[in-house]
Structure formats: C-alpha cells, structure tokens
Amino acid sequence: MSDATIEVIRLAPNVPVFDLPIIVALERGLFRAHGIEVEFVARHDPVTSNQDAFKRQKESLYESGRADAYNLCEWAGLDRSDRSGRGSRVHALRPAVAAQVILTFDLDIQEPRDLAGVPVGINEFTGSHYTALQFLEGTLPREDIVLQHVGEPFLRYQQLKAGTLRAASLMEPYVSLALKEGAHIISANFYRGAEVISPDLTPAQRQGYLAAVNAAADLIRADFGSFKHHLIVDQIRDRIAPHEIADHFVHYAHAKPLDPKRFAYTTEWMRSWNLAPEHGAFDELVVI
C-alpha cells in the first residue's frame, strides 16, 4: 500500500499501562506493516480530570472529532458508546489485562471487610470504579461500599500518600510505587478493557489496528522489561525506576471480541448498580 492511500487513525491517549501495545506498535512500525497509519493526537495528561466523563481528555478528544478511537474499561466503553453524541462502538476487548488494586498505608485496614464505610478513591465511571464495586460486593453489603471520586490515578495516589484518602484503587505503575513507599494490598482484580472506535473506520482499518496491537502484545509478553520505561509518567519519574515495576500486576494478550453472551452478562451486572446503558442493544454498541 502506498503512503498516499494510507489514512491516519487518530487516537486519544489513555494511561500508559493500557496504551503500551499502541506505543510499542508505533515504536516498531507494526501499524504500517499492517497497512495503516496511526498517531496519538495528544500526550496523556495524568493530572487534569473531571467528574463528567465526557469532559476528560480522551472522551473530549473523541467527541470533538479530533480522535477516531481510544481505549478504556469494558463497562465504560459501553457507557460512552451509549451516551456518545458523536457515536462510537466497542470493537474489541483490548490487549492490556491489568489489575486494579485497592491499596492503603493504614494499618487498621488489612482486609476488604475493614473497608466497610471507608471511602475508596476512584475515577468515576472507569475501571477503578467498576472493579471496586465488583470485588467489594463479594465481601461487604452493598450499602457499606463507599466510593469517592478523586480523578486520574496520579491524583488518587497523591491523596493516598498524603493520608487524605485511607484507601484507593490503582493500577501500574502506582501499585509498584505504593508498595515501594510502604503501602499494602487489600484486594486486586484483573480485567479487560475495551477498544472504542468511530463507526466510520473501515473493517480493513479495524482489522489492521487489532493485528498490529496483537503483534505488539506478543513483543511485550516476550520481554516486558524492555518496555517498562514507557509506563512511568513524569510526575513520578524520580520515585521509581522501570526495573522496580512488578511483572505480575499487568499482562498483555491478544484482543478479543466482546461477544453477545458477555455483553448480556456485563450489562445485567451494570444494571444492578444503575450503571447500565439506557438505550443500546448489542448490535447498537458493538461492532465485530
């Protein structure tokens, strides 16, 4: 395919641990090898946040038409596609399989039961929110689960370390940083996220994109250590080195479809928390 026929797929950035297959695919020329051109339209902003999901960086870039795709958690992918003013679809479950980990520096909190009535810091309507509900509802009565919107993971970690939060849900590299700085784990939950795309992208573009990030996932899995430096944002660069990031709180696998059975189970669980998409059926929110 000649350069003149390659259309650029513009991506809104997410937290680096989730975007690592994209970063590696760009670094190694894997998108071009699969006949597509991909670029990030901005650098990830680890500080600015908003309780309104559509005013956050990746959603606002997509909704304004400046980006064609982004990734986020599975539940949020369905929520955003249902509520998108521009229209989007969940294309696949993303390659990053990450743990959201509830951490604390508080010695009075040693197990999930100790979190009864204790606010857990999250970013509302993201993986930190949904996974916290998932693993706390197996231990606590729902009325004892208290989640507090704080924002991006860097902001959650700041408050956790300062002691203004007793517990927070976080992913890498903040899990390894927290453990290094004296925190301990209360619970962890691995989950898949969703690749959310514009329905205007062609099947060939979607397939080329997934083939490239899958190839990148293979490279990461074979030698994660070579890519850990990409996970460290500037705000914590002097506090943790790449080799100090653990191997076991994130792994990378091939993207896979969100099938109707999983969609039905996921939306039913979301409905039990009054978080389900209001209007979308499977064929309205998902494209295979």
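Computation of the quantities below employed the complete heavy-atom set of this structure, encompassing side-chain atoms and omitting hydrogens, waters and symmetry-equivalent molecules.
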Transitive ILVMFWY side-chain link I245 to L170, under 4.5 Å | yes
Separation between CD (Q57) and NE2 (H44), nearest 0.5 Å, reads 7.0 Å
Describe, in one word, how the ring planes of F190 and H251 are oriented to each other, choosing from parallel (under 30°), tilted (30 to 60°) and perpendicular (over 60°).
-> parallel
Same cluster or not: are V101 and L179 linked, directly or through other Ile, Leu, Val, Met, Phe, Trp or Tyr residues, by side-chain heavy atoms under 4.5 angstrom apart?
-> yes
Could you tell me whether a side-chain N or O of D114 sits under 3.5 Å from a main-chain N or O of Q110, the two making a donor and an acceptor?
-> yes
Is the side chain of R56 donor-acceptor paired with the backbone N or O of N50 at a distance under 3.5 Å, no angle test?
-> yes
Just wondering, do M171 and F249 contact through their side chains at under 4.5 Å, heavy atoms?
-> no
In terms of hydrophobic clustering (I, L, V, M, F, W, Y; side-chain heavy atoms under 4.5 Å; direct or indirect links), are L11 and V287 co-clustered?
-> yes
Answer with yes or no whether the side chains of Y191 and E74 bring together a donor and an acceptor at under 3.5 Å.
-> no
Find out if a path of hydrophobic residues (ILVMFWY) with successive side-chain heavy-atom gaps under 4.5 Å connects V196 to V286.
-> yes
Do we see a donor-acceptor contact under 3.5 Å between the side chains of E63 and S84?
-> yes
dist H248:NE2 -> S176:OG (nearest 0.5 Å) comes out at 7.0 Å
Side chain to side chain, R94 and N14, heavy atoms closer than 4.5 Å = yes
Which word best sums up how the rings of F227 and H230 line up, parallel for under 30°, tilted for 30 to 60°, or perpendicular for over 60°?
-> parallel
Side-chain donor/acceptor of Q148 to backbone N/O of P119, under 3.5 Å | no
Here the gap from E37 atom CD to R32 atom CZ, rounded to the nearest 0.5 Å, amounts to 4.0 Å
Find out whether L177 and R239 are in side-chain contact, i.e. whether some heavy atom of one side chain is under 4.5 Å from a heavy atom of the other.
-> yes
Between F40 and I23, the two heavy atoms sitting closest are CE1-CG1, 4.1 Å
Does the R113 side chain pair with the main chain of L140, one donor and one acceptor, at a distance under 3.5 Å?
-> no
Please say which of L231, V233, I240 ends up in a side-chain contact (heavy atoms from CB on, under 4.5 Å) with Y174.
-> V233
Kindly determine whether Q100 and S169 satisfy side chain to side chain donor-acceptor pair (under 3.5 Å), including the steps that lead there.
-> CA-CA 6 Å; Q100 286 284 345; S169 182; 3.1 Å; yes
Same hydrophobic cluster for L61 and F18, using side-chain heavy-atom links shorter than 4.5 Å among ILVMFWY?
-> no
Scanning both residues in full, the closest heavy-atom pair of A67 with A12 reads CB-N, 3.7 Å
Has K228 got its NZ or CZ under 6.0 Å from the middle of the six-membered ring of F224, at an angle within 45 degrees of the ring axis?
-> yes
Taking atom OG1 of T48 and atom NZ of K55, what is their separation to the nearest 0.5 Å?
-> 14.0 Å
How about Q134 and N189: does a side-chain donor come under 3.5 Å of a side-chain acceptor?
-> yes
Taking C-beta and beyond as the side chain, do T139 and L115 meet within less than 4.5 Å on heavy atoms?
-> no
Please confirm whether the backbone N or O of I22 pairs with a side-chain atom of D19, one donor and one acceptor, at under 3.5 Å?
-> no
Can you see which heavy atom on R221 is nearest to which on Y252, and at what distance?
-> NH1-O, 2.8 Å
Report yes or no: do Q235 and Y157 form a side-chain donor-acceptor pair below 3.5 Å?
-> no
Sub-4.5 Å side-chain heavy-atom contact between E152 and V47 = no
Where do L160 and A168 come nearest, in terms of heavy atoms and distance?
-> CD1-N, 3.8 Å
Rounding to 0.5 Å, atoms CD (E59) and CZ (R83) come to a distance of 9.0 Å
For R142 and L133, indicate whether the former's side chain and the latter's backbone hold a donor-acceptor pair under 3.5 Å.
-> no
Which residues pass the ring pair (Phe, Tyr, Trp, His ring centres under 6.0 Å) test with F154, sequence neighbours left out?
-> none
Are the side chain of Q158 and the backbone N or O of A162 linked by a donor-acceptor pair below 3.5 Å?
-> no
Where do I102 and L136 land on the side-chain contact (heavy atoms from CB on, under 4.5 Å) test, with the steps shown first?
-> CA-CA 10 Å; I102 294 183; L136 290 177; 4.2 Å; yes
Please walk me through it: do H91 and L210 pass side-chain contact (heavy atoms from CB on, under 4.5 Å)?
-> CA-CA 9 Å; H91 179 216; L210 290 182; 3.0 Å; yes
Verify, without hydrogens or angle tests, whether N214 (side chain) and H254 (backbone) share a donor-acceptor contact under 3.5 angstrom.
-> no
Taking every non-hydrogen atom, the tightest pair across A25 and F31 | CB-CE1, 3.4 Å
Does the side-chain contact (heavy atoms from CB on, under 4.5 Å) test come out yes or no for R80 and Y70, once each step is laid out?
-> CA-CA 11 Å; R80 307 301 192 272; Y70 60 99; 3.5 Å; yes
Could R43 and D234 be called an ion pair, given the rule that one side-chain N must be under 4.0 Å from one carboxylate O?
-> yes
P153 side chain near N123 side chain, heavy-atom distance below 4.5 Å | no
From S60 OG over to D52 CG, what is the distance, rounded to the nearest 0.5 angstrom?
-> 10.0 Å
Apply side-chain contact (heavy atoms from CB on, under 4.5 Å) to V175 and L103, showing your working.
-> CA-CA 8 Å; V175 178; L103 292 141; 4.3 Å; yes
For residues L93 and P257, report the shortest heavy-atom separation together with the two atoms involved.
-> CD1-O, 4.0 Å
Say whether, by atom type as modelled, one donor and one acceptor occur between the side chain of S198 and the main chain of D68 under 3.5 angstrom.
-> no
Under 3.5 Å donor-acceptor, R206 side chain and L201 backbone | yes
Would you say L285 and V90 make side-chain contact, with heavy atoms under 4.5 Å?
-> no
Between W269 and Y130, is any pair of side-chain heavy atoms under 4.5 Å apart?
-> yes
